[in-house]
Every structure is written in C-alpha cells, then in structure tokens.
Amino acid sequence: MAGERTKLVVVQRAETGSRETRRLRKQGLVPGVLYGNGDPVAISVAERELRRALTGGGGLHAILDVEIDGAGKTHPSILKDYQVDKIRGGVTHVDLQEVRLDETIHAAVTVQLVGGDDAPGVREGGVLQQQLRELSVEALPLEVPSAIELDVSALAIGDNLRVSDVTVPDGVKLLDEPETVVASVTAPTRAIELEVEAAEGEEAAEAAEGEAPAAEPAEAEAPAAESSEEG
C-alpha cells in the first residue's frame with residue numbers, strides 16, 4: 001500500500017572490494033550503497049532485516065527510514081536497485097536512494113490483472129495475455145502504489161486494454177504512452193492456425209481458377225499430294 005514506511009538499520013563500512021563483500025555475505029550481510037545529496041555511503045545490512053523491510057505492505061516501493069550505525073537520524077530512502085544470486089536466490093547487493101518526501105519521483109509499478117477467469121473471451125477458450133507487466137509512474141514517495149490492479153473481467157476475444165484504460169490513485173501520474181496495450185484476449189492458437197490454413201486454401205483455389213488452360217498447339221495440315229500424268 002502507498003505510504004508504507006519501515007525502519008532499516010544499516011552499518012557504514014570502511015572497506016570495499018570483492019574480498020570484503022564475500023566476507024560480508026558469509027556473515028549473512030548484504031553489501032550496498034546509500035545514495036543521497038552528498039557522497040555515496042558504502043553500507044551493509046543484515047539480509048534478514050532487508051527481506052523483512054521489502055516484503056511488507058509497501059513491497060519494493062516501501063519508504064525505508066535508514067538509520068546508519070544506530071545514530072538515531074533517519075534518511076528516508078527507496079530501493080533503487082538490487083542484485084540477486086542466480087543460483088541461491090538471495091540478494092547479493094542493494095542500492096538505496098535517499099529521497100525528499102515532498103518531491104515527486106519516478107518508479108516502475110507492477111501491474112496485476114484481476115478478473116481473468118470471468119472474462120467472456122477466456123470462458124470461450126481465448127488466451128489472456130499481459131503485454132506490459134510494469135507501468136512507469138510519477139508520484140510523491142509516500143504515494144507510489146505497491147501495485148496497480150487492472151480489471152480484465154469484461155474482455156472478449158479480440159479486446160484489449162491500453163494504458164489509457166488504467167485507473168490510478170489521485171496524485172499518481174502514468175508516464176507510459178496512452179495507446180500502449182497492457183492486456184488482451186486472443187483467439188486460441190489452434191483456431192488461429194485453422195483460420196490461416198483456410199485462408200491459404202482459399203487463395204490457392206482462387207489462383208487455380210484464375211489460370212486459363214493452355215491452348216493445345218494446332219496440328220499442321222499435311223500438304224496436298226500433287227498428281228501428275230505420264231504421257
């Protein structure tokens with residue numbers, strides 16, 4: 001939900017480099033960087049605490065009140081970027097961005113389709129497709145929604161919903177092109193294949209009808225035999 005805030009205590013680290021980051025990860029810590037108005041600050045945070053902060057109601061768009069070294073002062077921040085171990089699945093690095101709560105920011109928000117099972121096109125065997133899984137928005141940090149729901153329950157086969165059809169809360173501005181398709185219902189694949197085959201068959205038949213049979217060459221007439229009388 002918009003406005004979700006959670007405290008996150010981090011530790012400033014003096015050493016950087018791959019050797020140091022490997023050491024931190026073995027201790028269950030995630031290395032990272034806090035970007036703000038001044039110089040970036042190298043930090044580390046307990047993986048468990050980071051997971052807790054990013055799996056609450058605000059999800060990846062929660063406002064993180066970052067406290068460095070338990071100093072008491074907090075830095076309102078958002079998740080800027082993160083890296084994941086492709087094998088183990090854990091977060092291996094995190095970038096945080098300090099923000100001002102009275103200034104708008106740009107964010108990518110996940111689109112969640114609702115009502116797909118009720119869509120007439122789906123009930124008739126059509127396929128619900130989601131062409132756009134995130135929408136770019138502009139809003140105050142505390143107003144960025146954790147997700148945007150799009151109701152597709154009225155879609156028939158051949159229908160689609162565009163960015164212009166998406167409803168967002170007050171204070172949130174959509175930045176994507178209004179005509180960009182977000183979701184659609186298409187005919188079943190087999191039905192499309194049959195239509196293509198039928199169309200190709202009709203084209204072949206029309207082409208065959210349009211070809212006139214070739215004229216057979218006329219047989220040459222044998223020259224008349226000349227008769228002569230011997231005297």
Side-chain angles (χ1 to χ4, degrees), residues 1-101 103-114 130-150 168-169 172 175-176 182:
M1 65 184 68
E4 185 77 14
R5 301 182 70 166
T6 185
K7 187 175 181 179
L8 185 65
V9 178
V10 303
V11 176
Q12 184 172 358
R13 52 191 175 99
E15 298 183 16
T16 57
S18 58
R19 182 177 180 180
E20 174 65 10
T21 56
R22 285 195 299 268
R23 185 186 69 81
L24 291 172
R25 289 168 188 155
K26 288 181 180 179
Q27 297 177 354
L29 301 174
V30 178
V33 178
L34 172 63
Y35 295 91
N37 296 325
D39 294 333
V41 179
I43 60 172
S44 66
V45 56
E47 183 179 10
R48 181 177 55 185
E49 289 301 309
L50 180 63
R51 190 186 311 115
R52 175 192 59 79
L54 298 178
T55 54
L60 300 181
H61 300 292
I63 298 299
L64 305 174
D65 289 322
V66 179
E67 182 180 342
I68 303 175
D69 293 335
K73 180 182 179 181
T74 58
H75 305 262
S77 306
I78 59 171
L79 179 66
K80 180 180 180 181
D81 196 8
Y82 65 98
Q83 298 173 8
V84 176
D85 189 312
K86 295 181 179 179
I87 299 176
R88 298 184 178 87
V91 177
T92 59
H93 191 276
V94 62
D95 287 335
L96 306 178
Q97 176 67 56
E98 187 173 359
V99 295
R100 288 189 52 171
L101 300 181
E103 292 183 356
T104 59
I105 61 172
H106 290 180
V109 181
T110 301
V111 179
Q112 297 177 348
L113 304 185
V114 295
Q130 185 172 358
Q131 286 83 355
L132 203 60
R133 299 192 176 277
E134 288 184 336
L135 288 172
S136 298
V137 305
E138 179 181 87
L140 293 173
L142 291 173
E143 299 300 327
V144 175
S146 57
I148 295 175
E149 291 189 349
L150 179 61
V168 292
V172 178
L175 301 178
D176 296 285
V182 181

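These numbers come from a predicted model, not from an experiment. Hydrogens, waters and symmetry mates are skipped; everything else that's a heavy atom, side chains included, is used.
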*Value rounded to 0.5 Å, distance of CD1 in Ile68 from CD1 in Ile43*: 7.0 Å
*For Glu20 and Arg13, indicate whether the former's side chain and the latter's backbone hold a donor-acceptor pair under 3.5 Å.*
no
*side chain to side chain contact (heavy atoms under 4.5 Å, CB included) between Arg23 and Leu29: does it pass, once the steps are laid out?*
CA-CA 9 Å; Arg23 185 186 69 81; Leu29 301 174; over 6 Å; no
*State whether the number of non-hydrogen atoms from other residues, nucleotides or ligands found under 6.0 Å of Arg48 atom CZ is greater than 12.*
no
*Steps toward side chain to side chain contact (heavy atoms under 4.5 Å, CB included) verdict (Val111, Leu132)*: CA-CA 8 Å; Val111 179; Leu132 203 60; 5.7 Å; no
*Nearest 0.5 Å please: distance from the CD1 atom of Ile105 over to the CD atom of Glu143.*
11.0 Å
*asked:* So, taking the atom named CG in Leu79 and the one named CG in Leu96, what distance separates them when rounded to the nearest 0.5 Å?
replied: 6.5 Å
*For Ile78, does its backbone N or O pair with a side-chain atom of His61 as donor and acceptor, under 3.5 Å?*
no
*Within the side chain of Asp176, is there an N or O that forms a donor-acceptor pair under 3.5 Å with the backbone of Ser136?*
yes
*Starting at CD of Glu47, measure out to CZ of Arg51 and round the result to the nearest 0.5 Å.*
5.0 Å
*List the atom of Thr74, the atom of Glu67, and the distance in Å for their closest heavy-atom pair.*
CG2-CB, 4.4 Å
*Considering residues at least two apart in sequence or located in another chain, which fulfil the side-chain contact (heavy atoms from CB on, under 4.5 Å) criterion with Arg100?*
Asp102, Glu103
_Checking Thr21 against His93 for the side chain to side chain contact (heavy atoms under 4.5 Å, CB included) test, could you report, in this order, the C-alpha distance in whole Å, the side-chain angles of both residues, the deciding distance, and whether it holds?_
CA-CA 9 Å; Thr21 56; His93 191 276; 5.7 Å; no
*So, for Ala53 and Ala62, which heavy atoms are closest and what is the spacing to 0.1 Å?*
O-CB, 4.2 Å
*When you look at Glu98 and Ser77, which way does the side chain to side chain contact (heavy atoms under 4.5 Å, CB included) test go after all the steps?*
CA-CA 4 Å; Glu98 187 173 359; Ser77 306; 4.0 Å; yes
*Minimum-distance pair of heavy atoms, taken over all atoms of Arg52 and Lys7*: NH2-O, 3.1 Å
*Could you tell me which non-hydrogen atom of Val11 sits nearest to which non-hydrogen atom of Asp69, and how far apart they are?*
CA-OD1, 3.3 Å
*With the side chain counted from C-beta on, respond yes when Val182 and Leu150 share a heavy-atom pair under 4.5 Å apart, and no when they do not.*
yes
*Main-chain N/O of Thr92 paired to Arg25 side chain as donor or acceptor, under 3.5 Å*: yes
*asked:* Just verifying a value: how many Å separate Thr6 OG1 and Glu49 CD, rounded to the nearest 0.5 Å?
replied: 8.5 Å
*Closest heavy-atom pair and its distance - Thr104, Leu140*: N-CD2, 3.8 Å
*First locate atom OH of Tyr82, then atom CG of Leu60, and finally report the distance between them rounded to the nearest 0.5 Å.*
5.0 Å
*Report yes or no: does Asp95 contribute a side-chain atom to a donor-acceptor pair with the main-chain N or O of Tyr35 at less than 3.5 Å?*
no
_I need the minimum non-hydrogen distance between Ser44 and Leu24, along with the two atoms involved._
CB-CD1, 4.1 Å
